[in-house]
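These numbers come from the heavy atoms of this one structure, side chains and all, not from hydrogens, waters or symmetry mates.
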Amino acid sequence: MTNFQRARSEEQREVRRRAILDTTAAMLEEMPIGEVSLNELSRRVGLAKSNVLRYFESREAILLELLDRAWRQWVADLPALVRAGIDEDAPVHRRAEQFAAVIAGSLAQRRVLCDLLSAQAGVLEHNVSPQVAARYKRAAVANVADIAALAQQHLPELGDSAPQLTAAMIMAIGAVWTHARPSAAMLAAYEADPSLAAFKLDFVTALREMLATLIAGTIVRASA
């Protein structure tokens, strides 16, 4: 991993932190979150497990930091995608549909981000200290605020409801992702019984429709 035995300077410690994060990110490209273990991470990064835990207090702490990193990368890419995907002169219902389509489409190739978002509340926010939890939540609030500002820019009809809408959108992303990735047993059931195939979701399509419904409903409530 590095050409020094012990990280003695702040710069060397930062090199090791980045190596741990980058190695975990590479593992997430290969396997689901549930299969990412500290033992395997330690082996790949070339450190004892106890040394990994000197930099991050738990597996979940590493994954929360990676979630924030992936989330910020997504947020940074969104403005250009939204500008290209929305007709500013279109009526509000059309802009709402376009915004939903851009958000859903932008996540199609971001499997790791979707995996992490789907595990955020149920897995990643557990087995961490209050300090790590608070640091992550502050970052998440900032990420939500950035998306809310973007939504309000292109859909001013949302008014002050943009932050609540964005928080609901993030929850919807995780939920739809989970349901769009059925188990092997469920896939076999769909294949054996075509009447069940209607429950097999396409992630982008299902998310686009759910987000469009959320946006439309929020606009109606904001105008009431």
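Using a cutoff of 4.0 Å between basic side-chain nitrogens and carboxylate oxygens, Arg94 and Glu97 are not scored as salt-bridged.
Here the shortest heavy-atom pairing between Arg95 and Asp87 reads CG-O, 3.3 Å. Minimum interatomic distance between Ser42 and Ala48 (heavy atoms only, all atoms of both residues): OG-C, 4.1 Å. Nearest heavy atoms, Pro194 versus Ala192: CD-O, 3.6 Å. When every heavy atom of Ser118 is checked against every heavy atom of Thr178, the shortest pair comes out as CB-OG1, 3.4 Å. Among all heavy-atom pairs drawn from Ala189 and Leu196, the shortest one is O-CD1, 4.0 Å. When all heavy atoms are compared, the tightest approach of Arg59 to Ile33 is NH1-O, 2.8 Å.
Between Ile170 and Ile147 there is a side-chain heavy-atom pair separated by less than 4.5 Å. Using a 4.5 Å cut-off on side-chain heavy atoms (C-beta onward), Leu165 and Ile219 make no contact. Between Trp177 and Arg111, some side-chain heavy-atom pair lies under the 4.5 Å cut-off. The closest side-chain heavy-atom distance from Leu116 to Trp71 is not below 4.5 Å. Taking 4.5 Å as the limit, some side-chain heavy atom of Gln120 sits within range of a side-chain heavy atom of Glu125. Side-chain contact between Leu155 and Gln98 is absent, with no heavy atoms from C-beta onward closer than 4.5 Å. A 4.5 Å side-chain heavy-atom check between Leu150 and Thr166 finds every atom pair outside the cut-off. Two residues are said to be in side-chain contact when any heavy atoms from C-beta on lie closer than 4.5 Å; Leu63 and Phe56 fail this criterion.
Note that the OG atom of Ser129 and the CD atom of Glu60 stand 11.5 Å from one another [nearest 0.5 Å]. Taken from CZ in Arg69 to CG in Leu21, the straight-line distance is 5.5 Å, to the nearest 0.5 Å. Here Leu207 contributes atom CG and Ile103 contributes atom CD1; the two are 8.5 Å apart, rounded to the nearest 0.5 Å. Here Arg208 contributes atom CZ and Thr213 contributes atom OG1; the two are 11.0 Å apart, rounded to the nearest 0.5 Å. Remark: Met27 CE to Glu35 CD distance equals 9.5 Å, nearest 0.5 Å. Rounded to the nearest 0.5 angstrom, Leu187 CG and Arg181 CZ are separated by 10.5 Å.
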Self-check item: Trace of the side-chain contact (heavy atoms from CB on, under 4.5 Å) decision for Arg110 with Ile173
Solution: CA-CA 11 Å; Arg110 296 178 188 264; Ile173 291 166; over 6 Å; no
Quiz item: Does the side-chain contact (heavy atoms from CB on, under 4.5 Å) test come out yes or no for Arg16 and Gln12, once each step is laid out?
Solution: CA-CA 6 Å; Arg16 285 210 165 148; Gln12 289 175 335; over 6 Å; no
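Linking ILVMFWY side-chain heavy atoms closer than 4.5 Å, directly or via other members, places Met171 and Tyr136 in two distinct hydrophobic clusters. In terms of hydrophobic clustering, with Ile, Leu, Val, Met, Phe, Trp and Tyr side chains grouped at heavy-atom distances under 4.5 Å, Val75 and Leu211 are assigned to a common cluster. Both Leu117 and Met31 are assigned to one and the same hydrophobic cluster, defined by single-linkage of ILVMFWY side chains at heavy-atom distances under 4.5 Å. Taking hydrophobic clusters as Ile, Leu, Val, Met, Phe, Trp and Tyr residues chained together by side-chain heavy-atom distances below 4.5 Å, Met186 does not share a cluster with Phe203. Linking ILVMFWY residues whenever their side-chain heavy atoms come closer than 4.5 Å, directly or via other members, places Leu107 and Leu78 in the same cluster.
In this structure, Glu30 places its CD atom where more than 12 heavy-atom neighbours from other residues, nucleotides or ligands lie under 6.0 Å away. In this structure, Asp193 places its CG atom where more than 12 heavy-atom neighbours from other residues, nucleotides or ligands lie under 6.0 Å away. Counting non-hydrogen atoms of other residues, nucleotides and ligands closer than 6.0 Å to CD of Glu40 gives a total above 12.
Of the listed residues (Asp115, Asn143, Leu113), just one forms a side chain to side chain contact (heavy atoms under 4.5 Å, CB included) with Leu67, and that residue is Leu113.
For the pair Ser58 (side chain) and Asn127 (backbone), a donor-acceptor distance under 3.5 Å is present. Under a 3.5 Å cut-off, the side chain of His126 and the backbone N or O of Ala121 do form a donor-acceptor pair.
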